[in-house]
Student: 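Got a structure for you, questions after.
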Amino acid sequence: MSSRGTQKLLQGLRTAGSAPAGWIGSGLASRYCRLTGKLRSGSNRALSGSGSGRGSMNVFNREMKKRQKNWAAVLQNGHQYDYLRDEVGSRVADRVYDIARTFPLALDIGGGKSHIAEHLSKNVVERLFLTDISQQTLKVQRQSEIPTQRVLADEEFLPFRENTFDLVLSSLTLHWINDLPGGLRQIHQVLKPDGVFIGAMVGGETLYELRCSLQLAEMEREGGFSPHVSPYTAVTDLGNLLGQAGFTMLTV
């Protein structure tokens with residue numbers, strides 16, 4: 001990508017605060033340079049792991065999640081454990097191909113190791129921004145023919161201006177954010193009026209057997225139980241959340 005094209009893309013970043021709060025890579029290179037546009041002030045709190053900053057209860061420790069992803073990214077033979085993300089990423093990509101149009105600029109939220117992008121062609125997505133909370137994960141390079149800019153950013157605070165992207169993608173990451181309604185509203189805001197959002201998240205009765213087994217065992221031994229499995233959003237609630245965020249023509 002030319003320097004002029006890169007600068008044009010960077011103009012889509014929101015500006016706030018007094019110092020850069022993130023990093024961006026050039027293409028798929030592992031070398032990073034400071035963002036010339038500054039993330040909005042909330043991003044500083046998110047990247048430091050202090051939660052959503054909106055007074056809501058934080059179920060997930062975002063700082064701990066970042067540490068987990070950094071640790072997983074440097075595991076030897078870690079790719080052997082990516083089979084689920086690869087499978088879901090390919091299915092999300094299939095949904096993109098179902099739409100008969102080309103997307104000039106797309107955003108992959110929590111894209112990590114490009115589990116979606118590696119299944120897409122530049123004939124469908126011309127340019128891609130890929131974000132993740134983990135810097136180590138962003139350094140992992142996978143084969144992709146789409147010119148990609150990698151941005152270190154928390155999914156809870158998207159550092160982009162409104163009406164920036166033609167397509168927003170997300171695969172297996174939204175179930176770990178504390179404010180899902182707020183996250184969906186942010187996705188709607190960064191999309192252009194005729195933009196498309198395609199995502200996949202863990203939900204409903206996922207790990208139901210494990211949840212029941214832990215509860216029964218703890219009831220027997222302790223006389224009570226506490227949650228050991230992440231709470232997941234029911235499918236019946238997702239449509240309402242998407243509608244409240246402003247999305248139309250919903251398919252869940």
Side-chain angles (χ1 to χ4, degrees), residues 1-2 4-16 24 37 39-40 42-43 88-112 114-132 144-151 153-175 177 179-201 203 233 235-252:
M1 184 181 300
S2 66
R4 175 178 297 180
T6 300
Q7 289 299 323
K8 186 176 181 180
L9 289 178
L10 289 175
Q11 291 175 0
L13 294 169
R14 290 195 179 103
T15 58
I24 188 168
L39 305 186
R40 57 177 176 170
S43 299
V88 177
S90 68
R91 296 189 183 192
V92 172
D94 285 342
R95 300 299 187 274
V96 179
Y97 283 107
D98 289 340
I99 304 174
R101 59 182 285 193
T102 298
F103 299 96
L105 184 60
L107 170 67
D108 186 353
I109 300 173
S114 304
H115 298 284
I116 302 176
E118 65 176 349
H119 300 288
L120 295 173
S121 69
K122 60 183 179 181
N123 295 326
V124 177
V125 175
E126 296 179 351
R127 294 175 296 178
L128 176 69
F129 267 46
L130 186 150
T131 74
D132 200 279
S144 175
E145 62 181 49
I146 304 173
T148 302
Q149 300 291 332
R150 296 174 175 248
V151 180
D154 194 317
E155 296 93 327
E156 292 189 344
F157 298 93
L158 299 181
F160 304 100
R161 287 180 179 171
E162 297 181 4
N163 304 327
T164 299
F165 298 98
D166 305 280
L167 171 68
V168 174
L169 304 170
S170 178
S171 179
L172 298 184
T173 184
L174 292 181
H175 50 272
I177 67 174
D179 184 8
L180 181 57
L184 293 175
R185 284 194 296 270
Q186 289 187 67
I187 292 173
H188 184 266
Q189 289 172 357
V190 301
L191 275 171
K192 293 180 179 179
D194 61 342
V196 178
F197 168 53
I198 301 176
M201 61 183 291
T233 304
V235 173
T236 53
D237 294 332
L238 260 181
N240 292 331
L241 292 176
L242 288 166
Q244 292 172 9
F247 289 98
T248 58
M249 301 178 64
L250 305 178
T251 300
V252 180

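Bear in mind that the values here come from a model prediction, so they are computed numbers and not experimental data.
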Student: If I compare all heavy atoms of Ser121 with all of Tyr97, which pair ends up nearest, and what's the gap?
Tutor: N-OH, 3.1 Å
Student: For Ser171 and Val88, work out which heavy atoms get closest and say how close.
Tutor: OG-CG1, 3.4 Å
Student: Can you give me every donor-acceptor pair (side chain of residues 235-252, partner residue at least two apart or in another chain, under 3.5 Å) with its distance?
Tutor:
none

Student: Could you report the tightest heavy-atom contact between Arg161 and Thr164, atom names first, then the distance?
Tutor: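 Nearest pair, atom of Arg161 first, then Thr164: O-OG1, 2.6 Å.
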Student: Tell me, please, which residues at least two apart from Arg95 pass salt bridge (charged side-chain N to carboxylate O under 4.0 Å, His left out).
Tutor: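 Here no residue qualifies.
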Student: Just how far is it from atom CD1 of Ile109 to atom CD of Gln186, taken to the nearest 0.5 Å?
Tutor: 8.5 Å
Student: How would you list, by chain and number, every residue that makes a side-chain hydrogen bond (donor to acceptor under 3.5 Å, both in side chains) with Thr173, sequence neighbours excluded?
Tutor: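 Thr173: side-chain hydrogen bond (donor to acceptor under 3.5 Å, both in side chains) contacts with Glu155.
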Student: Once rounded to the nearest 0.5 Å, what's the spacing between atom OG1 of Thr131 and atom CD of Gln149?
Tutor: 13.0 Å
Student: Tell me every residue that passes salt bridge (charged side-chain N to carboxylate O under 4.0 Å, His left out) with Lys122, counting only those two or more places apart in sequence or in another chain.
Tutor: none
Student: For Glu118, which residues count as a side-chain hydrogen bond (donor to acceptor under 3.5 Å, both in side chains) partner, sequence neighbours excluded?
Tutor: Arg142
Student: Search all heavy atoms of His115 against all heavy atoms of His119 and return the closest pair with its distance.
Tutor: O-CD2, 3.0 Å
Student: Filter on salt bridge (charged side-chain N to carboxylate O under 4.0 Å, His left out), then keep only pairs touching residues 97-108, sequence neighbours left out; what's left?
Tutor: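 Salt bridge (charged side-chain N to carboxylate O under 4.0 Å, His left out) check on residues 97-108 returns Arg101-Asp194.
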Student: If you measure from CD on Glu156 to CG on Asp179, what distance do you get to the nearest 0.5 Å?
Tutor: 7.0 Å
Student: Can you measure from CG (Asp132) to CG (Asp154) and round to the nearest 0.5 angstrom?
Tutor: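 Between Asp132 CG and Asp154 CG, I get 9.5 Å after rounding to 0.5 Å.
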Student: Heavy atoms only: give me the nearest Val125-Ala106 pair and the separation to one decimal.
Tutor: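 Shortest heavy-atom contact: CG1-CB, 3.6 Å.
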Student: How far does CD1 of Ile177 sit from CG of Leu184, to the nearest 0.5 angstrom?
Tutor: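 Output value for this atom pair is 6.5 Å.
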Student: My understanding is that only residues two or more places apart in sequence, or in another chain, count here; which of them pass salt bridge (charged side-chain N to carboxylate O under 4.0 Å, His left out) with Glu145?
Tutor: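 With sequence neighbours excluded, Glu145 shows a salt bridge (charged side-chain N to carboxylate O under 4.0 Å, His left out) to no residue whatsoever.
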Student: Leu180 and Met201: which non-hydrogen atoms are nearest, and at how many Å?
Tutor: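 Answer, listing the atom of Leu180 first, then Met201: CD2-CE, 4.0 Å.
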Student: So if I apply the side-chain contact (heavy atoms from CB on, under 4.5 Å) rule between Leu169 and each of Val96, Ile187, Leu107, which one comes out positive?
Tutor: Val96
Student: Could you tell me the separation between the CD1 atom of Ile198 and the CZ atom of Phe103, rounded to the nearest 0.5 Å?
Tutor: 6.0 Å
